[in-house]
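Below is one structure, written out as structure tokens; comments come after it.
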Amino acid sequence: MQVQIHRCNVEEGAFVSLPSSKSLSHRALITASLADGISVIHGVAISKDIEATMRAMSALGACFEVDGDTIRVTGAGSLHCAQGIVDCGESGSTLRFLIPVFALLEEETVFTGHGKLMERPQTVYEELFTKEGMQFIMDGSFLKVKGPLHGGHFSLPGDVSSQFFSGLLFALPLCKEDSIIQILAPFESSSYVTLTIEALRKAGVQAQLKDDVLYIPGNQAYHSFETTVEGDDSQMAFFAEMALIHGATVEVGNVSHDSMQGDHVIIDFALQTGAEVQMTERGYLFRGDRNQAITADLSNCPDLGPALFALATQLEGTSVFTGCGRLRIKESDRIACMEEELRKLGCKISSSDDMVTINGKTGLNENVILHGHNDHRIVMALSVLASLSDGCIIEGAQAVSKSYPYFFEDFKACGMECEIHD
């Protein structure tokens with residue numbers, strides 16, 4: 001699918017209700033699947049990644065009834081793998097969250113995926129499994145693991161994806177033994193670990209993070225619950241980007257003012273540019289203003305990278321982003337891919353392994369053919385930026401279905417003009 005973006009202006013009174021947090025939806029579905037009984041989860045936006053987690057947990061014995069944005073989850077109770085192969089789609093969260101969970105079983109589980117999923121590094125788990133004497137075999141597009149995983153004392157680097165910590169947090173409470181995970185500095189993306197601990201708490205499972213050490217009592221049980229998933233702060237970034245680059249006003253709804261999501265920091269970054277941000281009953285209102293360059297550490301919010309890089313091209317001065325290293329191992333190398341596409345538009349961007357520098361404000365080339373690199377966040381960031389140009393085409397735009405299937409409907413509802421071609 002390709003989308004052609006036309007130069008346009010934000011519609012007065014633009015409002016969008018954000019989809020639910022993908023991060024929190026994964027966590028709620030996993031904890032509900034591990035519980036004994038029926039849990040009810042409201043406000044879930046079904047995307048390709050969320051479907052992958054439900055598919056994987058179905059293989060473990062959970063059942064799902066979807067009614068609009070509400071999902072009734074009948075937990076697996078006693079864990080067993082009803083299927084030999086678990087298809088994780090393109091969802092890195094699904095794969096990394098569930099490797100330790102399936103490793104609780106004594107039988108072999110085979111994971112597979114699509115796109116570049118099976119190329120994404122799993123070194124943390126590989127080393128841990130090898131040390132614990134468990135099977136961990138990468139065989140082309142398949143990953144074969146076999147437990148059983150036991151609790152104990154673990155030591156993991158803190159500058160890797162938080163998904164490795166979350167995966168262990170889901171599994172270790174079901175072990176007989178207590179567990180301790182020592183997190184080696186620097187500890188990045190700590191907010192995502194906090195989200196996992198809170199998801200466990202809602203399911204009656206205890207875990208504690210103190211002084212970069214995780215304490216997980218063993219021999220626990222998940223309990224059914226009812227919850228509503230809040231809006232996705234990482235998706236809020238694209239509409240903040242829209243308001244700021246157009247010098248316009250955009251309101252976003254379905255957002256928690258008290259969110260624990262690390263990407264909630266988009267509000268602070270917007271304020272740093274000189275924009276006005278107001279709390280509203282529905283969420284937040286962003287109003288573009290001075291648009292001055294910013295300095296931002298992305299180590300705790302890497303998913304904001306594409307939106308912020310696109311925004312920075314329209315800020316006056318030099319913006320510097322640090323803590324960017326893990327953007328290189330997402331669905332794509334988000335630094336290299338954004339460099340490639342932004343340069344096509346005439347933007348000035350450079351990078352090192354861990355830092356990105358962008359010089360603005362840049363006038364944009366027109367009638368440019370851009371590529372989404374099969375990365376939903378790159379497609380969305382480029383779509384918003386391209387609305388300042390005319391006739392730009394983004395190939396591979398279907399990648400938005402990974403997290404935000406109706407993005408272009410909301411995009412057009414804000415006054416943006418685009419044509420979608422299969």
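- To the nearest 0.5 angstrom, Arg27 atom CZ is 10.5 Å from Thr53 atom OG1.
- Ser389 places no side-chain N or O within 3.5 Å of a backbone atom of Ala386 that could act as its donor or acceptor partner.
- For the ring pair (Phe, Tyr, Trp, His ring centres under 6.0 Å) criterion with Phe170, the lone passing option out of Phe102, Phe97, Phe164, Tyr222 is Phe97.
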| Candidate pair Asp303 and Arg334, rule salt bridge (charged side-chain N to carboxylate O under 4.0 Å, His left out), full reasoning | CA-CA 9 Å; Asp303 284 344; Arg334 285 180 174 161; 3.2 Å; yes

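- A perpendicular orientation is assigned to the rings of Phe136 and Phe129, their planes being inclined by more than 60° (bins at 30° and 60°).
- Using a 4.0 Å cut-off between charged side-chain N and carboxylate O, Lys22 and Asp232 make no salt bridge.
- For the atom pair CG (Leu169) and CD1 (Ile30), the distance works out to 11.5 Å, reported to the nearest 0.5 Å.
- From Leu382, atom CG reaches atom CE of Met338 across 5.0 Å, with rounding to the nearest 0.5 Å.
- In Asp67, the CG atom is not crowded: 12 or fewer heavy atoms of neighbouring residues, nucleotides or ligands sit closer than 6.0 Å.
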| request: Verify side chain to side chain donor-acceptor pair (under 3.5 Å) between Gln4 and His421, making sure each step is shown before the conclusion. | output: CA-CA 8 Å; Gln4 185 171 24; His421 306 282; 4.5 Å; no

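- A donor-acceptor pair under 3.5 Å is absent between the side-chain atoms of Gln292 and the main chain of Leu315, judged by distance alone.
- The environment of CZ in Arg7 is crowded: more than 12 heavy-atom neighbours from other residues, nucleotides or ligands sit within 6.0 Å.
- A donor-acceptor pair under 3.5 Å is formed between the side chain of Ser20 and the backbone N or O of Ala45.
- Between Glu198 and Arg201, at least one side-chain N (NZ, or NE/NH1/NH2) sits under 4.0 Å from a carboxylate O, which counts as a salt bridge.
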| request: Dump the intermediate steps for side-chain contact (heavy atoms from CB on, under 4.5 Å) on Gln182 and His153, then the final yes or no. | output: CA-CA 8 Å; Gln182 177 69 54; His153 193 288; 4.3 Å; yes

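- Taking a cutoff of 4.0 Å between a charged side-chain nitrogen and a carboxylate oxygen, Arg326 and Glu188 qualify as a salt bridge.
- Once rounded to the nearest 0.5 Å, the distance linking CD1 of Ile245 with OG of Ser387 reads 4.5 Å.
- No salt bridge links Lys48 with Glu90; every basic N to acidic carboxylate O contact stays at or beyond 4.0 Å.
- For residues 347-375, every residue pair satisfying the ring pair (Phe, Tyr, Trp, His ring centres under 6.0 Å) rule, not counting sequence neighbours, is listed here: His371-His373.
- Under the 4.5 Å side-chain criterion, counting only non-hydrogen atoms from C-beta, Leu385 is in contact with Glu241.
- You'll find the ring centres of Phe238 and Phe411 outside the 6.0 Å limit.
- Looking only at distances, a side-chain donor or acceptor of Glu177 sits under 3.5 Å from a matching main-chain atom of Gly151.
- The main-chain N or O of Leu244 is found under 3.5 Å from a side-chain atom of Asn291 such that the two form a donor-acceptor pair.
- A donor-acceptor distance shorter than 3.5 angstrom exists from the side chain of Thr313 to the backbone of Ala310, with no hydrogens or angles considered.
- Proximity of Met57 to Leu29: side-chain heavy atoms (C-beta onward) are nowhere separated by under 4.5 Å.
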| field | side chain to side chain donor-acceptor pair (under 3.5 Å) evaluation trace for Thr318 with Asn359 | value | CA-CA 4 Å; Thr318 301; Asn359 297 317; 2.7 Å; yes

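- Surrounding CE of Met1 are more than 12 heavy atoms belonging to other residues, nucleotides or ligands, all under 6.0 Å away.
- Taking every heavy atom of both residues into account, His42 and Thr70 meet most closely at ND1-OG1, 3.1 Å.
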Result block: side-chain N/O donor-acceptor pairs under 3.5 angstrom for residues 254-263, not counting sequence neighbours:
unit_1: Asn254; atom_1: ND2; unit_2: Leu18; atom_2: O; d: 2.7
unit_1: Ser256; atom_1: OG; unit_2: Asp258; atom_2: N; d: 3.2
unit_1: Ser256; atom_1: OG; unit_2: Ser259; atom_2: N; d: 3.3
unit_1: His257; atom_1: NE2; unit_2: Thr280; atom_2: O; d: 3.1
unit_1: His257; atom_1: NE2; unit_2: Gly283; atom_2: O; d: 2.8
unit_1: Ser259; atom_1: OG; unit_2: Glu230; atom_2: OE2; d: 2.7
unit_1: Ser259; atom_1: OG; unit_2: Asp233; atom_2: OD2; d: 2.9
unit_1: Ser259; atom_1: OG; unit_2: Gln261; atom_2: N; d: 3.0
unit_1: Ser259; atom_1: OG; unit_2: Gln261; atom_2: NE2; d: 3.4
unit_1: Gln261; atom_1: OE1; unit_2: Asp233; atom_2: N; d: 3.1
unit_1: Gln261; atom_1: NE2; unit_2: Glu230; atom_2: OE2; d: 2.7
unit_1: Gln261; atom_1: NE2; unit_2: Gly231; atom_2: O; d: 2.8
unit_1: Asp263; atom_1: OD2; unit_2: Tyr192; atom_2: OH; d: 3.3

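- Salt bridge annotation for Arg343-Glu339: present, with a cationic side-chain nitrogen under 4.0 angstrom from a carboxylate oxygen.
- The shortest heavy-atom contact between Arg287 and Leu285 is NH2-CD2, 3.8 Å.
- Applying the side chain to side chain contact (heavy atoms under 4.5 Å, CB included) test to Phe142 and every residue at least two apart in sequence or in another chain returns Ile85, Val110, Thr112.
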| task | Please assess Ser224 against Ser39 for the test side chain to side chain donor-acceptor pair (under 3.5 Å), listing each intermediate value before the final yes or no. | result | CA-CA 5 Å; Ser224 57; Ser39 298; 4.7 Å; no

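- Once rounded to the nearest 0.5 Å, the distance linking OG1 of Thr273 with CG of Leu308 reads 10.0 Å.
- For Arg96 and Tyr125, the positive end is not near the middle of the six-membered ring at less than 6.0 Å and at most 45° from its axis.
- No option in Lys402, Arg377, Lys116 other than Lys402 meets the salt bridge (charged side-chain N to carboxylate O under 4.0 Å, His left out) test with Glu331.
- Between Phe408 and Tyr406, a ring centre-to-centre spacing not shorter than 6.0 Å is recorded.
- Taking the six-membered ring for Trp and the full ring otherwise, the centers of His246 and Phe286 sit at least 6.0 Å from each other.
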| task | Go through the steps to decide whether Thr249 and Glu276 satisfy the test side-chain contact (heavy atoms from CB on, under 4.5 Å), and finish with yes or no. | result | CA-CA 9 Å; Thr249 299; Glu276 181 181 349; over 6 Å; no

| message | Let's go through Asp87 and His114 carefully: what are the C-alpha distance in whole Å and the side-chain angles of both, what is the deciding distance for side chain to side chain donor-acceptor pair (under 3.5 Å) to 0.1 Å, and is it a yes or a no? | response | CA-CA 8 Å; Asp87 182 0; His114 306 278; 3.1 Å; yes

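- Separating the CZ atom in Arg328 from the CG atom in Asp333 is a distance of 4.5 Å, to the nearest 0.5 Å.
- No side-chain heavy atom of Ile349 sits under 4.5 Å from any side-chain heavy atom of Thr357.
- Of the possible donor and acceptor atoms, one in the side chain of Thr194 sits under 3.5 Å from a partner among the backbone N and O of Ser190.
- Of all heavy-atom pairs spanning Asp410 and Ser17, the tightest one is OD2-O, 4.0 Å.
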